[in-house]
Structures are given as C-alpha cells and as structure tokens.
Amino acid sequence: MTTLQSNLLENHTPTGREEAWRFTPLKRLAGLHDGSAKPEARNSLTLNGTAQSGVSFTRGAVTAASASEDAIVNRIRNYTSDGAILAIDKNVVVDAPIFLNRSCGGVDTAELSRVQIRLGEHSKATVILENTGDTHLAEDLEIILAPGSDLTFISLQEWGSKAVYAATHNAIIDRDATFKAIHVTVGGDVVRLLPKVEFVGPGASADLQGVYFATAGQFFEHRMHVDHAVPRAKSNVNYKGALAGDKAHTVWIGDVYIRAAAEGTDTYELNRNLLLTDGARADSVPNLEIETGEIVGAGHASTTGRFDDEQLFYLMSRGIQEADARRLVVRGFFNEVIALIGNEEIQERLMTRIDDELEKAGK
Amino acid sequence: MSTLEIRGLKVTVDTEQGVKEILKGVDLTIKSGETHAIMGPNGSGKSTLAYSIAGHPKYTIAGGTVTLDGADVLEMSVDERAKAGLFLAMQYPVEVPGVSVSNFLRTAATALRGEAPKLREWVGEVKSAMEGLKMDPSFAQRNVNEGFSGGEKKRHEIMQLELLKPKFAILDETDSGLDVDALRIVSEGVVRAKEANNLGVLLITHYTRILRYIQPDFVHVFAAGKVVEQGGPELAEKLEANGYAEYVGA
Ligand SMILES: Nc1ncnc2c1ncn2[C@@H]1O[C@H](COP(=O)(O)OP(=O)(O)OP(=O)(O)O)[C@@H](O)[C@H]1O
Ligand SMILES: [Mg+2]
C-alpha cells in the first residue's frame, strides 16, 4: 500500500499518530472527530435570495456520491444533523454568483452537515459559500460535476475566533468538466479543511487556489488530495499562507496521486508561506506519487520565507511608513489569489480583514 | 536653499568573516541646485554611501554625521528621511509582487504630502510623468518593478523622482543598462526635476556620457571608501581617458 492511500485509511477514531492527523490538535477539535460533540440540527446553510429557474436549493437527506474513509466524514454520514442540495440543471448557465451563507452557529453543540452541489451536463455557475460567526461544524461537502460542466467554487472562512471547522470538500469531476476552487481562511480557532479532487472522466481540469492567514494561537490546516485515476486530466494547486504571532500554526499538505491509468496527466502544485513574526510555524508537505511515466508534466514546489526587508526598504524609502509598507507587501502577497474571486466588494472585505489581523498581530 | 552635509562618515557591514569597514570617512556637501558626480571603481563603496544616506538596515554607521539643513538624518527612520526630502534612485530597484505601480505611487505621494492628492489632478500628474519618460500607460497597472526590463526599472525610478519632488536625489548608476535613447529620456527627466524643484543631485556613474546631459558642478573621485579627489567637469574627462590607476593601490 502506498503512503497516499494509507493517508485515507483511517476508519476509526484518530489518535494523532496517523499520517493524516499528525499535525491536527485533536484536543481543540471540539469532539468532532471522536463522537463526543453533541449534534444539533441547525440548518445553518441558506441560499441568499431566490434561485433562478434551473437552479434549486433543497433540504433533506443526501445520498453520498463518493466513498469515504475519513473519520469525520464517516461520523457525519452516521449522524447527519442536516443536509442540503444545490442543483444546477443541465445546460443552464448562471451568470451571477450563487451565494450560500452559513452564519447561525453556536459552540455548545455541533452541527454535522452534509451538502451537495450538483452541476448538470454543460451547466455553468459560480458558487460563493460565506462562513461567518462562531460555530462547531463538521461538513461533508460533495461537488459533482457532470460531463462538460463548469463550476467556480469559492469558500470563504471568515469565522469568529471561537469557531471549530472540520470539512471535506470533495469534487467528483467527470469528462471535460472544469472546476475552479478558491479557499480563503482568515478566521476561526481551528480549521481543518480537506479539498479533494477525484477525476472520474478524462479531459477534465481542476484548479485549486487558496490563501490563509493565521495569527496568534490559530491553527489552520489545508490538506489537498488530488486523485488522477483517468487519462488526460489537468490539475493545478496554488496556496499562499501568511502567519503572524505566537503559536500561529498552519499546515498545508498537497497529495497528488497519478494512477497507472492516468496517462497524459498534467499537474503542478505550489505552496508559499510568509512568516511575518517569530513564534509562528508553517508546515508544508507536497507529496507526488506517480504510477505511470506517460504524463505531460508533474511538479511541485514549496517555500517558506521571512518578510522581505528589501521590499520594505524600497517602499519606506518613498516615504511610506513601516506599518503601511508591511500592509502593502502582505496585501500584494495575497492579491494574486484574492483577485481571482472577481468580486470587488468581497476582495476588499477580505483585504480589510487581513489588514486588521495584521494590525492585531503587531510586528 | 537646502544643504545636505556628510562629515567623516564611516560605515561597516556584517560579513561572515566579521565586521568589514566599507566607508572610511566620507566628506561631501551638496547644496540645492548643485549636481555632484561621483565616479570610482567597482566595489569602492559608492552604493554603500547611497544606501547609508537612505537608511538601509544592512549598513551600520560606525562614525560621522549626515545632516539635512542641520537635522540629523542618521537618527531618522527610512520613511522620515524621504519625508525630509531625500530620494534614492536605486542601482537595482526592488520588485514588489502584487502591488500595482498606481497604488504604490499614490500611497507614497499621500505619505509625503500628508494628504491624499486630489484624484483628478493626481491622474493628470501621473499621466504626464509617464509621458515625460515615454512609459506606456499600462505600467500603472503592473506590479512594482515586477518583470520590468533593466531600463524600464530606471525610467520608473526617475518617474518617481519627478512625482515625489524631493530636495536631494541620489542617483546610483541610473545610466547603467540604458540604451542611447533611454539615456537621453531619463536624463531629461532628471533635468526637469532639477529645474522644477531646484533639486540637488548626487550622481553616481561610471560613464561621462550622462554628464553631457546632466552637467555636474563638481566631480568627486571615490576609491577605497572615501573621496580621494575633487574637481570640475574636466576631471571626468581625465578619468575617462586615464582610469583610476593613480588612485588605487598607489
Ligand atoms: N555582506 C557583505 N559581505 C562582504 N562584503 C560586502 C558585503 N556587502 C558589501 N560588501 C562589499 O562592500 C564593497 C562596496 O560595495 P558597493 O556596492 O558599495 O560598491 P560600489 O562602489 O557601488 O560598486 P559598483 O561600482 O560595482 O556598483 C564591495 O567590495 C562589496 O563586496
Ligand atoms: Mg554600486
């Protein structure tokens, strides 16, 4: 058995010794992983506005589209407190973004939520999931892309400081479909987010973009798993993280698995971390496992660096005071990904949040 | 009328082999409107002098003073020096990813002027500064120095000089890497800034060509960390012909 497979095999309560759990502070997970959390039906996921024709948002039971051996996903599937399905019919093109909102929460009980986003053949949409407030939430979110469909999925973790969020976002991507994801994590006490991609038809593409900014005491983990099981799929992963303050801790894991059948695969993954202060820790582990030589390309890179004093000096030499110069550089670092959101209001809101976090962290 | 005065300036850097003294007592006085050229061999400490005046954290001041109209420049933070009226056009301008030229310029102008420039006037100012240096307007949307060619970076430095209107500018090899046309365009920018603001210029160069466009009042020969000779423009011609042999290792 390969390491990447063993990362998934954990049909039991995690102890922290497993590869997939070795970084996660289990004690701070609010019992989401071991069944001690007290579930409550909250139906906290809502659709903003009304759905246009060809789009439906319904609550109720969800039938899994994928197998899972993840401990938290299995708990959710055994005891689902609530479920919701967003479906876009085939050939429907939705121009304006569809906003999903998750705000009402609470930290005395936990929500175990299942969500499916389904795109019919040749449909096209942008879905923006906005997460705010304090909650304990375990989320099993499946994204099902029928052949030729096109989804941009933006998940914004603007949680309050007490939130504990453990989620799997699993995209199952069929022939010639296009999937773009942008994950932004700027709030919460503990965030453990597993963006996954399963290619089930050839010729599809997945682009996973992400940013995270952790300040003192926050733990943010983003753990990709991209499974190239079929020929000619393309994947790209680009995550950028910044850390400031004592015991800020981020984890980025990029598992890319190219199976023997996946000829013509083209994949690249990149993680860059910016350490703004001492006392913060960024773990970054790219993993590439290749079972066929018949590929177009496979690469990865990971860098973790300190703040660039030359940039700071250049800006300050033009009269910009230090705090403003740092803000500019940090905004600049994140801008590459944030600008992809394509919504000025959200981009400015996120940048302002990043400014505020930076200010709180001091220097 | 302002005066930038450098007296007995000694500067060291920390190296793996220990502390290394690079500037060994530099004396230089520049007044508004004057142009001083500094010429000297590679490694003699010219950029060190420029960076030390601007306050780069890599350099340690081991002695001497730098004052601007009597105010202690060495006590100031880097941004305070810019606010006091100093500007450094760098030999190797720094790339700042994700920060657009337009955002950068406006932030700098706001900091230096104490208030945000009025949008309409500002747009006009930037447009004419870019036109003056024959920079395509698309540069405003690009990230600061990112992917700029060597010559484009230098034009961008002088564009900032014109927009930010300092009292004194240190130009560290602004002419290096410029083609003949760019050299003229950039030089004209410096001359415009001189005429508009009675700018004092400290011009570090290896070549006399730029001095035909920006005529120096004084030429200083820099070797082994200090000024070893001073003269008028004719000194530059002599250096071009004879090199630095008589000043180094002699
Ligand atoms: N970190 C360092 N370690 C060792 N030597 C250093 C360090 N930093 C600077 N120096 C030395 O300081 C000296 C002066 O450098 P500086 O860049 O000021 O020269 P310069 O006169 O501008 O040269 P050029 O004409 O090539 O631009 C050089 O010999 C350089 O190698
Ligand atoms: Mg130099």
Side-chain angles (χ1 to χ4, degrees), chain A residues 182 184 209-213 238-242 270-276 301 303-342 344 347-348 350-352 354-355 358 363, chain B residues 50-59 76-114 116 141-146 153 156-157 159-161 163-167 169-170 172:
Chain A
I182 304 170
V184 178
Q209 302 275 340
V211 297
Y212 47 85
F213 185 15
N238 178 36
Y239 267 65
K240 300 180 95 170
L270 173 63
N271 174 228
R272 284 199 279 163
N273 293 298
L274 184 57
L275 288 170
L276 297 170
T303 61
T304 296
R306 304 214 150 253
F307 203 84
D308 185 344
D309 287 336
E310 295 297 328
Q311 293 179 11
L312 203 59
F313 172 73
Y314 188 75
L315 296 173
M316 288 178 71
S317 77
R318 273 43 175 161
I320 301 170
Q321 64 177 8
E322 184 171 350
D324 292 335
R326 293 175 77 87
R327 202 157 41 228
L328 269 181
V329 172
V330 171
R331 275 183 172 236
F333 176 73
F334 284 130
N335 190 50
E336 179 200 347
V337 173
I338 298 280
L340 298 175
I341 293 173
E344 290 284 340
Q347 289 168 209
E348 193 45 42
L350 292 170
M351 286 299 195
T352 305
I354 288 165
D355 289 349
L358 186 64
K363 43 167 183 154
Chain B
Y51 277 125
S52 301
I53 296 170
H56 194 291
K58 172 178 150 185
Y59 301 97
M76 300 177 195
S77 61
V78 176
D79 59 309
E80 285 167 353
R81 296 180 197 210
K83 286 174 186 127
L86 296 177
F87 180 90
L88 169 62
M90 292 183 204
Q91 186 174 358
Y92 304 108
V94 181
E95 300 188 2
V96 192
V99 177
S100 71
V101 166
S102 109
N103 183 15
F104 161 63
L105 293 175
R106 196 168 157 79
T107 308
T110 303
L112 288 173
R113 297 174 192 184
Q141 305 322 315
R142 289 177 61 177
N143 294 331
V144 172
N145 293 322
E146 200 177 48
K153 285 180 181 165
H156 181 222
E157 295 290 281
M159 183 179 94
Q160 294 169 51
L161 170 66
L163 276 172
L164 301 178
K165 304 184 175 41
K167 292 180 183 149
I170 304 164
D172 191 359

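In the text below, chain A, chain B and the rest are named by the order of the sequence lines, each starting its count at 1. As a basis for the values below, the full set of heavy atoms in this structure was taken, side chains included, without hydrogen atoms, waters or symmetry mates.
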Test ring pair (Phe, Tyr, Trp, His ring centres under 6.0 Å) applied to A/Phe307 - qualifying residues, sequence neighbours left out: none
Residues in ring pair (Phe, Tyr, Trp, His ring centres under 6.0 Å) with A/Tyr314, at least two apart? B/Phe104
Which atoms form the tightest heavy-atom contact between A/Gly342 and A/Gln347, and what is the distance? N-OE1, 2.8 Å
Region of [X] that comes under 4.5 Å of a non-hydrogen atom in chain A:
{"X": "B/Pro166", "value": "neither"}
{"X": "B/Glu80", "value": "neither"}
{"X": "B/Asn143", "value": "neither"}

Please flag which part of A/Phe313 lies under 4.5 Å from any non-hydrogen atom of chain B: side chain, backbone, both or neither. both
What part of A/Glu310 lies closer than 4.5 angstrom to a heavy atom of chain B: side chain, backbone, both or neither? both
Scored by heavy-atom pairs under 4.5 Å with chain A, the best of B/Ala54, B/Ala111, B/Pro97, B/Ala84 is B/Pro97
Distance-only, no hydrogens or angles: does the A/Lys240 side chain make a donor-acceptor pair with backbone N or O of A/Arg272 under 3.5 Å? no
Determine yes or no for a side-chain-to-main-chain donor-acceptor pair under 3.5 angstrom, with B/Glu157 supplying the side chain and B/Met90 the backbone. yes
Should B/His156 and B/Val144 count as side-chain neighbours, where that means a heavy-atom distance under 4.5 Å? yes
Contact winner vs chain B - A/Ile320, A/Asn335, A/Leu312, A/Asp324, heavy-atom pairs under 4.5 Å: A/Ile320
Between A/Arg331, A/Gln321, A/Met316, A/Arg318, the one whose heavy-atom pairs under 4.5 Å with chain B are most numerous: A/Arg318
